[in-house]
Engineer: 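What follows is a single structure, and I will ask about it in a moment.
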Amino acid sequence: MLIRFLAVIPMAALLGAAPYLLQQPGPQQAGSQAAGQQEAVEFGVPANISSEANPVRPTSAGMALAQRMYGYDCAMCHGKDGSGKGDMAATLKTPVKDWRDPATLKGLTDGDLFYMIKKGKGDMPGEEGRQNDEGLWNTVTLVRSFAKK
Ligand code: HEC
């Protein structure tokens, strides 16, 4: 009887807290930020890479190369303009997101994007071996540049 009573207390406390726990993300922005970080954690981006700021300062030569590689390796799915409407996109099971909307990649850090591009994700093949890390970081800069200001 006593044990049963004791068990009820944490349950009641949890139920009481539930509305606050559910409310936690609050504003829209925090919600998309949190969703992005959850996506990165689920994908397995190592914490030290996730928190890494883009270490490569873009030069015109570096960005020209990133642009060329994007044309070869990415545009067929992500579209020349980052819209997600490349020719192959319609054949994939997973939708390809529209990066022109600044909200799309807001929750993902530069490190998250770097790691996803390097390793590949879902239907997307990894770029590892096709570009060195410097090229991959420039590609992150390029991917971010599609967002409308
Ligand atoms: C075969 C089609 C395909 C190619 C080629 C491809 N991607 Fe993707 N990409 C996808 C799909 C589909 C996803 C979503 C994967 C998922 O979440 O399951 C994705 C996800 C991403 C993401 C994570 C953020 C997001 O929008 O979901 C980044 C960043 C990315 N791609 C960049 C690139 C870059 C850069 C290249 C070229 C080096 C590339 N992709 C090549 C299909 C492709």
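Indexing begins at 1, ligand by ligand and atom by atom, following the structure's order.
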Engineer: With heavy-atom distances below 4.0 Å as the criterion, list the atoms of ligand 1 near Met116.
Structural biologist: 23 (C)
Engineer: Can you report which non-hydrogen protein atom sits closest to atom 18 (O) of ligand 1, along with the distance?
Structural biologist: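 Of every protein heavy atom, Thr94 CG2, 3.6 Å lies nearest to atom 18 (O) of ligand 1.
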Engineer: Does Tyr115 share a hydrophobic cluster with Leu142, counting links as ILVMFWY side-chain heavy atoms below 4.5 Å and allowing steps through other members?
Structural biologist: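 Yes; tracing contacts between hydrophobic side chains, which count when under 4.5 Å, links both residues.
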Engineer: Does the Asp110 side chain pair with the main chain of Ala53, one donor and one acceptor, at a distance under 3.5 Å?
Structural biologist: no
Engineer: With a cut-off of 4.0 Å, which atoms of ligand 1 are near a heavy atom of Leu113?
Structural biologist: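 With Leu113 as reference, the close atoms of ligand 1 come out as 29 (C).
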Engineer: Any N or O of Asp73 that comes nearer than 3.5 Å to an N or O of ligand 1?
Structural biologist: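 Checking ligand 1 against Asp73, no N or O pair falls under 3.5 Å apart.
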Engineer: Hey, does Gln37 have a side-chain heavy atom less than 4.5 Å from the side chain of Asp112?
Structural biologist: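 In short, these two side chains touch, coming nearer than 4.5 Å.
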Engineer: Go through ligand 1 atom by atom and flag the ones less than 4.0 Å from a non-hydrogen atom of Glu127.
Structural biologist: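 Once the distances to Glu127 are compared, the set is 38 (C).
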Engineer: Regarding atom 1 (C) of ligand 1: of the candidates Pro125, Cys77, Gly122, Ala75, which has the closest heavy atom?
Structural biologist: Cys77
Engineer: Please check if Met63 and Leu136 belong to a single hydrophobic cluster, counting links between Ile, Leu, Val, Met, Phe, Trp and Tyr side chain heavy atoms closer than 4.5 Å.
Structural biologist: yes
Engineer: Quick one, Met88 and Asp123 - any side-chain contact, counting heavy atoms below 4.5 Å?
Structural biologist: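 Sidechains of Asp123 and Met88: no contact.
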Engineer: One residue to check: Leu92. Relative to ligand 1, which of side chain, backbone, both or neither has a non-hydrogen atom less than 4.0 Å away?
Structural biologist: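 Answer for Leu92: side chain.
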Engineer: Within less than 4.0 angstrom of ligand 1, does Phe43 place any heavy atom?
Structural biologist: no
Engineer: Out of curiosity, Lys118 NZ to Asp133 CG, how far, rounded to the nearest 0.5 Å?
Structural biologist: 4.0 Å
Engineer: Should you measure from each heavy atom of Thr139, which atoms of ligand 1 turn up under 4.0 Å away?
Structural biologist: 35 (C)
Engineer: Could you state the interatomic distance from CH2 (Trp137) to CG (Asn132), rounded to the nearest 0.5 Å?
Structural biologist: 12.5 Å
Engineer: Give the atoms of ligand 1, by number and element, whose distance to some non-hydrogen atom of Asp123 is under 4.0 Å.
Structural biologist: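 Those of ligand 1 that fall under 4.0 Å from Asp123 are 1 (C).
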Engineer: Quick one: look at Leu105 and ligand 1, take heavy-atom pairs under 4.0 Å, and tell me if it's side chain, backbone, both or neither.
Structural biologist: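 Contact part for Leu105 vs ligand 1: side chain (C-beta onward).
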Engineer: Quick one: does any side-chain atom of Asn138 pair with a main-chain N or O of Gly135 as donor and acceptor, under 3.5 Å?
Structural biologist: no
Engineer: Would you say the side-chain atoms of Ser50 pair up with the backbone N or O of Ala47, donor to acceptor, closer than 3.5 Å?
Structural biologist: no
Engineer: Between Lys121 and ligand 1, is there a nitrogen or oxygen pair with a distance under 3.5 Å?
Structural biologist: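 Looking only at distances, the answer is yes, because the N/O contact criterion of under 3.5 Å is met.
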Engineer: Within rounding of 10°, what is the angle whose vertex is atom 8 (Fe) of ligand 1 and whose arms end at NE2 of His78 and SD of Met124?
Structural biologist: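 That angle works out to 170° after rounding to 10°.
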Engineer: Which residue and non-hydrogen atom of the protein lie closest to atom 28 (C) of ligand 1, and at what distance in Å?
Structural biologist: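 Here the nearest protein heavy atom works out to Trp99 CZ2, 3.7 Å.
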Engineer: Name the option, out of Cys74, Gly126, Gly86, that contains the heavy atom nearest to atom 36 (C) of ligand 1.
Structural biologist: Cys74
Engineer: Counting distance only, does the side-chain N/O of Thr104 pair as donor-acceptor with the main-chain N or O of Asp98 below 3.5 Å?
Structural biologist: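 Checking the backbone N and O of Asp98 against the side chain of Thr104, a donor-acceptor pair under 3.5 Å is found.
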